Every structure is written in structure tokens, then in C-alpha cells.
> 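Quick one: the structure is below, questions incoming.
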Amino acid sequence: MEEQVYVDGTFYPRSEAKVSVFDHGLLYGDGIFEGIRVYYGKVFLEKEHIDRLYDGAKAIHLQIPITKEEMAAALKKTIEVNKTTDGYIRLLVTRGVGNLGLNPYQCPKASVIIICSTIKLYSPELYEKGMFIVSVCTPACNPESKNPRIKSLNYLTNIMAKIEAHNAGCEEAVMLNTNGFVAECTGDNIFIIKNGMLKTPPSTAGILEGCTRNLVMKLAKEDGITVEEANMHRYDLYTADECFLTGTAAEIMPVTQIDARVIGTGAQGNLTIRLRELFRSFIKKYST
Ligand SMILES: Cc1ncc(COP(=O)(O)O)c(C=O)c1O
């Protein structure tokens, strides 16, 4: 059966789900989105994703035409209609149809789109071996212009960073902010472990406050691990005992080389493995 896509309250088969060429989401990247996992037929971290979406909407002065409760119901309906047990939801809110000018006030109504699909995961071998990443020249967006805490439809900065990573033969890029501090990767947050302590950049470093990031910090604290949100230089990455990325798709991905520096032993570290175990058992508890 073709995937059924929710567009403003109606379900359309994938091949018939469309938006107007005058939608400002397309014309200007004016809108926001969420990437959400479905495990065991349940929307994972639903509240966290919905709260982040509505906060992003507020920040860009976008009125989402349905309430949070209606949004949760729409997500549930979409996974039911698609009979999804394990998969990925892409939820978008675009500014809606306007004219060719920038002015968002010309767009009377935002559009809500929910796509429920399968997800292409990294290979199990990569989780064993760990990812090789590079730091790139493209800086993370300045929070005073387009704050990375808003998961906006305009991902050009991250795409530019991704291009740099691929050109360097790596799958992921770590971006620094304009002060030279570590920010985040193109679609994931970054953590290091040094002397048994877990460290990650603060939200003020110019990052998306990942739902996975926040959960990993909580699980680590509950497990007695000291967690610190701290500004870091590339030096801190190079000299870390362990490093990993977190994200909805990647979950917890070890990083074993950064800019050709081997991290720790060059294999995934014990605390990374421990946190992945805690994360997996949290998913099971949450979803079943
Ligand atoms: C730029 C960026 N940083 C971090 C993340 C990780 O966020 P989350 O854990 O909510 O998926 C994502 C993915 O959504 C992202 O696009």
C-alpha cells in the first residue's frame, strides 16, 4: 500500500500529496519541522517534539492552525493509517500559500504536513567501528539571526557543512560557532567523555536542543554520570576519551576519528556503550 500523507487534515496517497508552488515553505524555507521516531507503534518523545515545534513556531511568529492536542491526535492517526510499528515521521508546518513577496503576513494559513515512512539507518558495522567526522569552515548559524534552536525548513547551512564533510571523505561534519566553540553536527548533537564526565555544548552555543541529547543527559545523570553543558574547542574533541553523536535517526553513534585524530582507543568507548544500553531500554519502557 502507498504511504498515506496527512495534509491539513486529509490523507492523500504519497503520489498525490502536494503543496502549492506559492507556499512560502518552498519559496523561502519559511516553516519548521520535526523528525520523530515510531517504536513499537508509539510516537517516541511525542511531548518533547511537539513542544519544540510550537516553541519554534512562536519564535518565527507562525500560528500553527491546530492545538498541541490536535497535533498529537494527527500524529497518532497518521501512524494508524499507515500501520507503522517502527518508522520515522516527518512533521512540517509551512507558512502556507502567499504571493512571491517575502511578507509572511500575505500567507493567511499555515499548512500542516505529516509523512510517515521508513527510515534508512546507519549500518550496524558503523556503530561498531564508529564514525569519522571533520570540522568544517561553514560556521553554525548565529543565534542572533537564525537561531539553530528553531528547527527551521531552511537547512542550507547544514547542507553546506555536509558537502564539506563529503568532499573530505567523511559522513558527518562538526560545525563551530562564530566564536570558535564546538556547536553541533549537520543533523546530530555532539558529546564527549573526558575523565568519566559527559560534556556537550550548551544551547547558547548555537545548537538545536536535540530531544535525544536531552534524554541522554537525563539518563546519564540518573546513572550517576556527571554531566556538564560546556563550551568546547576542537582541542577538547581531539583529546576526548570518547565521543558520540545523538539524534532521532542515529540514536547514539560513536565517533572514533575527528580531523584524522583518533579518539580514545579508536573503538567505541565503554560509557558510550553503557549509554546506548540505557537508551535502548528507555525506548522499550516508553513504548511498550
Ligand atoms: C541540526 C540538528 N542538530 C541536532 C539534531 C538532533 O535532534 P533530535 O535528537 O531531536 O533528533 C538534529 C536532528 O533533528 C538536527 O537537525
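Here the structure is a predicted model, which means the values were calculated and not measured. Basis for what follows: all heavy atoms, side chains included, without hydrogens, waters or symmetry-related copies. Just follow the structure's listing: the first ligand is 1, and inside any ligand the first atom is 1.
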> Below 4.0 angstrom from a heavy atom of Asn158, which ligand 1 atoms are there? Numbered from 1 as shown, please.
1 (C)

> Just which atoms of ligand 1 are under 4.0 Å from any heavy atom in Thr186?
1 (C), 16 (O)

> Could Arg95 and Asp23 be called an ion pair, given the rule that one side-chain N must be under 4.0 Å from one carboxylate O?
no

> At the 4.0 Å heavy-atom cut-off, does Glu209 count as touching ligand 1?
no

> Answer yes when Glu228 and Lys194 have at least one side-chain N-carboxylate O distance shorter than 4.0 Å, and no when they do not.
no

> Do Lys120 and Tyr122 form a cation-pi contact, if we require the NZ or CZ to be under 6.0 Å from the six-membered ring centre and within 45 degrees of the ring's axis?
no

> What I want to know is whether Thr248 and ligand 1 share at least one N or O pair that is separated by under 3.5 angstrom.
yes

> I want to know if ligand 1 touches Thr246 in the polar sense, i.e. an N/O pair below 3.5 angstrom.
no

> In ligand 1, which numbered atoms sit nearer than 4.0 Å to a non-hydrogen atom of Asn189?
4 (C), 6 (C)

> Are any of the N or O atoms of Tyr155 closer than 3.5 Å to those of ligand 1?
yes

> Please walk me through it: do Glu34 and Arg90 pass salt bridge (Lys or Arg N to Asp or Glu O under 4.0 Å)?
CA-CA 6 Å; Glu34 285 295 320; Arg90 176 57 59 91; over 6 Å; no

> Given the ring of Phe44, does Arg37 sit roughly above its face, with NZ or CZ under 6.0 Å from the centre of the six-membered ring and within 45° of the axis?
no

> Just jot down the ligand 1 atoms closer than 4.0 angstrom to any heavy atom of Glu184, in number order.
1 (C), 2 (C), 3 (N), 4 (C)

> Just need the protein heavy atom nearest to atom 5 (C) of ligand 1, so name the residue and atom and give the distance.
Gly187 O, 3.4 Å

> What distance do Arg234 atom CZ and Asp259 atom CG have between them, rounded to the nearest 0.5 Å?
6.0 Å

> Does any N or O of ligand 1 fall below 3.5 Å from an N or O anywhere on His49, backbone included?
no

> Going by the atom numbers of ligand 1, which of them fall below 4.0 Å from some non-hydrogen atom of Gly247?
6 (C), 9 (O), 11 (O)

> Can you measure from CG (Leu121) to CG (Leu126) and round to the nearest 0.5 angstrom?
11.5 Å

> How many angstroms lie between CD1 in Ile36 and OH in Tyr39, if you round to the nearest 0.5 Å?
12.0 Å

> Atom 9 (O) of ligand 1: which protein heavy atom is closest, and how many Å away?
Thr212 OG1, 2.6 Å

> Should the proximity of Ile207 to ligand 1, defined as any heavy atom under 4.0 Å, be assigned to the side chain, the backbone, both, or neither?
neither

> Between Ile133 and Cys185, what is the shortest heavy-atom contact and its length?
CD1-SG, 4.3 Å

> Taking the six-membered ring of Tyr286 (Phe, Tyr or Trp), confirm whether the NZ or CZ of Lys42 is under 6.0 Å from its centre and within 45° of its axis.
yes

> Which residue and non-hydrogen atom of the protein lie closest to atom 14 (O) of ligand 1, and at what distance in Å?
Lys151 NZ, 2.7 Å

> Which of the atoms in ligand 1, numbered in the order shown and given with their element, are less than 4.0 Å from a heavy-atom of Gly210?
7 (O), 8 (P), 9 (O), 10 (O)

> Using distance alone, determine whether Leu208 and ligand 1 share an N or O pair under 3.5 Å.
no

